[in-house]
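Below is one structure; the comments refer to it alone.
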Amino acid sequence: MRKRIVAGNWKMNKTYEEALSLVSEIDNMVKDEVNGDVTVIVAPPFPFLQSVGKLTQGNDLMHLAAQNVSEHDSGAYTGEVSASMLKSVGVQYVIIGHSERRMYHHEDAQALYKKLKATIAQGMTPIFCCGEPLEERDADRHFEYVGKQLHDSLSYLSNEEFDKVVIAYEPIWAIGTGRTASSQQAQEMHAYIREQLSRMFDAEAAFNCSILYGGSCNPGNAKELFAQPDVDGGLIGGASLKSRDFTDIIKSF
Ligand code: PGA
């Protein structure tokens with residue numbers, strides 16, 4: 001069965017103290033209010049991973065993600081963090097190919113493929129992000145654009161490797177802009193993504209793959225988005241920095 005997932009991508013926000021209080025609040029609210037079959041993920045900045053992970057250890061619903069990983073295993077790569085390092089501090093999920101990393105850090109399809117491999121090799125789950133810029137949507141090339149992103153990084157994975165992958169569809173024009181994709185736009189892209197996956201991998205694996213929506217998701221629009229048959233949850237930026245909003249989004253299933 002497909003997992004229902006809500007993941008909070010904290011991006012480059014919060015100091016250590018602020019991160020610990022945010023995660024404690026989320027942890028308490030989830031314990032008190034969420035009784036369901038949902039995987040909650042928080043993705044704090046690298047320096048806070050271990051401490052945040054320790055705080056959520058007793059809560060089976062809560063899981064820990066990193067926002068990035070090196071494509072290399074170890075060695076002279078100043079400033080980079082490897083998959084085995086992440087694994088060793090309790091990380092279970094890794095966000096790969098976020099549009100901000102593609103744009104500002106020039107991560108290309110081949111590098112993302114290597115990051116996927118490195119993450120899966122350590123037994124962690126990649127959350128692979130895709131999504132089109134506004135020009136592509138306006139030119140009606142969004143399906144083609146996202147299809148190519150999927151093909152260029154994922155198609156070299158084996159069926160067994162693909163089994164571990166979670167996808168996040170995040171149209172760039174909706175990230176941090178307050179402009180959300182409509183539930184219909186999200187559903188049609190998610191269905192398209194699932195169909196592409198079923199061409200690259202076996203149909204059952206594609207059916208079971210969780211596909212999250214991201215881009216200005218908030219407590220007001222999550223319910224309608226999550227009600228779509230191919231939307232299996234959300235990757236949340238801004239609203240994941242407020243414990244009340246994030247928990248309300250989790251409760252929107
Ligand atoms: P947003 O970010 O919810 O602030 O739009 C989503 C993301 O970039 O993952």
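Just the heavy atoms: all of them, side chains too, but no hydrogens, waters or symmetry mates, feed the values below. As the structure lists them, so they are numbered: ligands from 1, and atoms in each ligand from 1.
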Listing request: all ring-ring contact (aromatic ring centres under 6.0 Å, His included) pairs with a residue in residues 162-196, at least two apart in sequence or in separate chains.
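Sorted pair list: F143-Y192, F162-F201, Y169-H190.
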
I need the contact type for A168 against ligand 1. Using non-hydrogen atoms and a strict under-4.0 Å cut-off, is it side chain, backbone, both or neither?
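The answer is neither; A168 stays 4.0 Å or more away.
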
What part of N9, side chain from CB on, backbone N/CA/C/O, both or neither, has a heavy atom under 4.0 Å from ligand 1?
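Only the side chain of N9 comes within reach of ligand 1.
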
Can you tell me the protein heavy atom closest to atom 9 (O) of ligand 1 and the distance?
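Checking every protein heavy atom, the shortest distance to atom 9 (O) of ligand 1 gives E170 OE2, 2.6 Å.
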
If you have a sec, work out which protein heavy atom is nearest atom 3 (O) of ligand 1 and how many Å separate them, to one decimal?
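Result for atom 3 (O) of ligand 1: G237 N, 2.9 Å.
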
[X]/[Y] ion pair, N-O < 4.0 Å:
X    : Y    : value
R101 : E107 : yes
K148 : E144 : no
E33  : R244 : yes

Would you mind running through ligand 1 and noting each atom that sits below 4.0 Å from a heavy atom of A174?
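With A174 as reference, the close atoms of ligand 1 come out as 5 (O).
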
Please could you name the atoms of ligand 1 that H98 approaches to less than 4.0 Å, counting only its heavy atoms?
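Near H98, the atoms of ligand 1 are 7 (C), 8 (O), 9 (O).
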
For a quick check under 3.5 Å, do E100 and H105 share a side-chain donor-acceptor pair by atom type?
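Looking only at side-chain atoms, H105 and E100 do not form any donor-acceptor pair under 3.5 Å.
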
Any side-chain donor paired with an acceptor under 3.5 Å for T180 and N221?
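Per modelled atom types, T180 and N221 side chains form a pair under 3.5 Å.
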
So is G238 polar-close to ligand 1, meaning N/O to N/O under 3.5 Å?
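It does: an N or O of G238 is found under 3.5 Å from an N or O of ligand 1.
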
Below 3.5 Å, N or O to N or O, backbone or side chain included: is there any such pair between T177 and ligand 1?
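No: no nitrogen or oxygen of T177 is under 3.5 Å from one in ligand 1.
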
May I ask you to establish whether R4 and F226 are in a cation-pi arrangement, using a distance under 6.0 Å from NZ or CZ to the six-membered ring centre and at most 45° from the ring axis?
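R4 over F226 ring: no.
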
Tell me the side-chain hydrogen bond (donor to acceptor under 3.5 Å, both in side chains) pairs involving residues 34-56, sequence neighbours left out?
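Qualifying pairs: Y16-S51.
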
Please determine whether any non-hydrogen atom of S216 lies less than 4.0 Å from an atom of ligand 1.
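Yes; S216 lies near enough to ligand 1 that a heavy-atom distance drops under 4.0 Å.
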
Any G214 heavy atom less than 4.0 Å from ligand 1
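No.
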
Going by the closest heavy atom to atom 5 (O) of ligand 1, which one wins out of G8, G176, G131?
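It is G176 whose heavy atom sits nearest to atom 5 (O) of ligand 1.
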
